[in-house]
Amino acid sequence: MSSQYQTISSLPHHIGETVRVRGWVAHLRSSGKVAFIVLRDGSGTLQCVVVQKVVGDAAWGTFQSLTIETSLEIDGEVRADARAPGGVEVGVTNMTVLGTSPSDYPIQPKEHGIDFLLDHRHLWLRSPRQVAIGRVRAELEQALNDFFYEREFVRVDTPILTSAIGERSGLFATEYFDEGNAYLAQTGQLYGEAAAAAFGKIYTFGPTFRAEKSKTRRHLTEFWMLEPEMAFFDSADSMRLQEEMIEYVVRRTIERCVSELALIERDVSRLESIRAPFPRIDYTDAVATLQTKGSDVKWGDDLGAEDESLLVADYDRPIFIVNYPKEAKAFYMKENPADPRTVLCSDMLAPEGYGEIIGGSQREDDYDRMVQRIKDEGLPIEAYDWYLDLRRYGTFVHSGFGLGLERLVAWVCGIPHIREAIAFPRTMYRLRP
RNA sequence: UCCCCAGUAGCUCAGUUGGUUAGAGCAUUCGACUGUUAAUCGAAGGGUCGUAGGUUCAAGUCCUACCUGGGGAGCCA
């Protein structure tokens, strides 16, 4: 097959030329002897005009056999026409069917239930809105990689199959030769800490797995997490990096995904106000504020989804909640010298009710305190022997954080549920397609 | 795991205090139309009312259990 064809998005630069395009039939309209094919190729959609007298009886017959999602090669002249959506159309001179499609294509340009759409995710993905979300996701991923590359971070890929280690263990067990069970990684952080002692500043970016039986719009069982880990950064340094990163990737997406954000009807003005610095609110102050607003939260509780929404409501940009009680957080977080009841951690809450998108902390770097915390949590100390080595051989102040990619995508796109923020979402009750 | 909601045509839904042969729009098929914008107009086909049991002269409708999915809580990113 010839490589000589144009993408639909490039056609405004080819007005007056004869071109060849390839794509899928998105829509068909006929008005007697003049007919319209709406073709999509992933780069955009194009109105193709078929006139019986121009194309002849053979091609006209081909048109009449077309169905939605037929893949098609079209030759014709590009012309500007105000009647065409987008202002550009192709006057068809010839067309060739590349792949036929039965007439029962299930996705229609109308409302569908979410159950039906998820069952047909492999086809739903072809819809313009889903393509736009996917492109925003790809832009955000690229922007994140560029942000860290420009700051001389080294990307380190950490294992997905692990022994029992991490925040909570024993999920998705799979037999691993003679070594007992392996588990799917719930975080790359502990490996990231080891790598930070090798490279200085690193990040990991890959799929992670959680098997809590979470059924909300903010949870998937498989999601992508970006986890930077920085040697010689304290908690405050880490927060400065986080707000700089969020500002960078949001601005980059506003600049480069104009048509995508317009198609999904995102209110971009809500994103334009995302500028560092972000407010920092001490957990203890947050609890006091919440109590005056009528929440029954007590000091020592983790903040619930409702509490988070109440706190964010007053701001037009993300906020940090810092220094949570030790009991509410993971064993590896460093005790706050100013208030030993708390740890040096921060959660970044996105605006508009999207909740926590980043969780980060300064790590405990003292060997004895770390051993004590592992014991206090009732974790098996043997599993952490290599992790403790990081505190034996040249321990170092270091901090890191985890960014949930799908939550970032959902917020930037303004979509209500993170299952649309990934091509093939894994939720509690869905393993296919 | 707990709380709430929903399962009727391929899809989205309506279906009255239980009452004759279960309806609409979209989609599909056929027909008309030389500029349509989710075109329009005409016609046709399309149903194990989630499953099982129960109440009743009579159940899509009421009751019970189960199944499937959705929303939320907790936990988290």
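So you know, we letter chains A, B, ... as the sequences are listed, proteins then strands, and number each from 1. The figures that follow rest on heavy atoms only: side chains count, while hydrogens, waters and symmetry mates do not.
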Item to check | Spacing of the P atoms in rG10(B) and rG19(B) (rounded, Å) | outcome: 25 Å
Next on the checklist: In this structure, how many angstroms lie between the P atom of rG70(B) and the CD1 atom of I418(A), rounded?
Outcome noted: 13 Å
Item to check | E420(A): which of R217(A), R137(A), R129(A) passes salt bridge (charged side-chain N to carboxylate O under 4.0 Å, His left out) | outcome: R129(A)
Checklist entry - Should we count CZ of R270(A) as having more than 12 external heavy atoms under 6.0 Å? => result no
Item to check | Pairwise P distance for rG18(B) and rG71(B), with rounding to whole Å | outcome: 33 Å
Item to check | Pairwise P distance, rG50(B) and rA14(B) [rounded to whole Å] | outcome: 13 Å
Next on the checklist: In whole Å, I'd like the distance from the CG atom of D307(A) to the P atom of rA73(B).
Outcome noted: 11 Å
Next on the checklist: Using ring pair (Phe, Tyr, Trp, His ring centres under 6.0 Å), reason through W386(A) and Y191(A) one step at a time and then give a plain yes or no.
Outcome noted: CA-CA 10 Å; W386(A) 67 262; Y191(A) 298 98; 5.0 Å; yes
Next on the checklist: Using Watson-Crick or G-U wobble geometry with both distances under 3.5 Å, which nucleotide pairs with rU40(B)?
Outcome noted: rA32(B)
Output a table of nitrogen or oxygen pairs between the protein and nucleotides 66-68 of chain B separated by less than 3.5 Å.
none

Next on the checklist: Between rC76(B) and H219(A), counting only base atoms on the nucleotide and side-chain atoms on the residue, is there a donor-acceptor pair under 3.5 Å?
Outcome noted: yes
Checklist entry - Side chain of E364(A), backbone of K334(A): donor and acceptor closer than 3.5 Å? => result no
Item to check | NZ or CZ of R151(A) within 45° of F147(A) ring axis and under 6.0 Å | outcome: yes
Checklist entry - What is the base-pairing partner of rU68(B), counting Watson-Crick and G-U wobble geometry with both distances under 3.5 Å? => result rA6(B)
Next on the checklist: Ignoring hydrogens and geometry beyond distance, is a side-chain donor-acceptor pair present between D307(A) and S295(A) at under 3.5 Å?
Outcome noted: yes
Item to check | Close side-chain approach of E150(A) to Y248(A), heavy-atom, < 4.5 Å | outcome: yes
Next on the checklist: So G355(A), base contact, sugar-phosphate only, or nothing? Heavy-atom distance under 4.0 Å.
Outcome noted: nothing
Checklist entry - Tell me: CZ of R121(A) to P of rG70(B), nearest whole Å? => result 14 Å
Checklist entry - Whole Å only: how far is the CD1 atom of I114(A) from the P atom of rU12(B)? => result 11 Å
Next on the checklist: Could you tell me how far rA44(B) sits from rG23(B) if I compare only their P atoms? Round to whole Å.
Outcome noted: 14 Å
Item to check | rU29(B) and rC67(B), which share atom name P, separated by this distance in whole Å | outcome: 40 Å
Checklist entry - Looking at R419(A), does any N or O in its side chain come under 4.0 Å of the phosphate oxygens OP1/OP2 on rG71(B)? => result yes
Next on the checklist: When the C1' atoms of rA27(B) and rC11(B) are compared, how many Å lie between them, rounded to an integer?
Outcome noted: 7 Å
Item to check | Exercise: do S10(A) and H13(A) side chains pair donor with acceptor under 3.5 Å | outcome: no
Next on the checklist: Heavy-atom nearest nucleotide on RNA chain B for T427(A) versus L303(A): which residue maps closer to 5'?
Outcome noted: T427(A)
Checklist outcome for this item: Using Watson-Crick geometry (N1-N3 plus N6-O4 or O6-N4) or G-U wobble (N1-O2, O6-N3), each under 3.5 Å, rA73(B) is paired with rU1(B)
Checklist entry - Counting any heavy atom closer than 4.0 Å, what does A305(A) reach on the DNA or RNA strands: base, sugar-phosphate only, or nothing? => result sugar-phosphate
Checklist entry - What class does the angle between the rings of F401(A) and F148(A) fall in, given that below 30° is parallel, 30 to 60° is tilted and above 60° is perpendicular? => result tilted
Item to check | Whole-Å distance separating the CZ atom of R430(A) from the P atom of rG70(B) | outcome: 5 Å
Item to check | Length of the line joining Q189(A):CD and rA77(B):P, which is rounded to integer Å | outcome: 9 Å
Checklist outcome for this item: To the nearest angstrom, the CD-P distance between E111(A) and rC13(B) comes to 8 Å
Checklist entry - Which part of the nucleic acid, if any, lies within contact of L220(A), taking any heavy atom under 4.0 Å across all strands shown: a base, the sugar-phosphate backbone alone, or nothing? => result base
Checklist entry - rG70(B) and rA24(B): how far apart are their P atoms, nearest whole angstrom? => result 31 Å
Item to check | For R79(A), the option from L11(A), V88(A), V49(A) that meets side-chain contact (heavy atoms from CB on, under 4.5 Å) | outcome: V49(A)
Next on the checklist: Please tell me if H417(A) has a side-chain N or O lying less than 4.0 Å from either OP1 or OP2 of rG71(B).
Outcome noted: yes
Checklist entry - In terms of ring plane angle, is the pair F331(A) and Y387(A) parallel, tilted or perpendicular, where the classes change at 30° and 60°? => result perpendicular
Item to check | Base-pairing mate for rA59(B) - Watson-Crick or G-U, with both contacts under 3.5 Å | outcome: none
Checklist entry - Hey, is the side chain of R218(A) poking within less than 4.0 Å of OP1 or OP2 on rG74(B), counting only N and O atoms? => result no
Item to check | Greater than 12 external heavy atoms within 6.0 Å of F116(A)'s CZ | outcome: yes
Next on the checklist: If you only use heavy atoms from C-beta on, which nucleotide in rA77(B), rA38(B), rA73(B) is closest to the side chain of K110(A)?
Outcome noted: rA38(B)
Checklist outcome for this item: In B/S/- notation (B base, S sugar-phosphate only, - none; protein heavy atoms under 4.0 Å), nucleotides 27-36 of chain B written 5' to 3' is SSS---BBBB
Next on the checklist: Taking only the P atom of each, what is the distance from rC5(B) to rC66(B) in whole angstrom?
Outcome noted: 16 Å
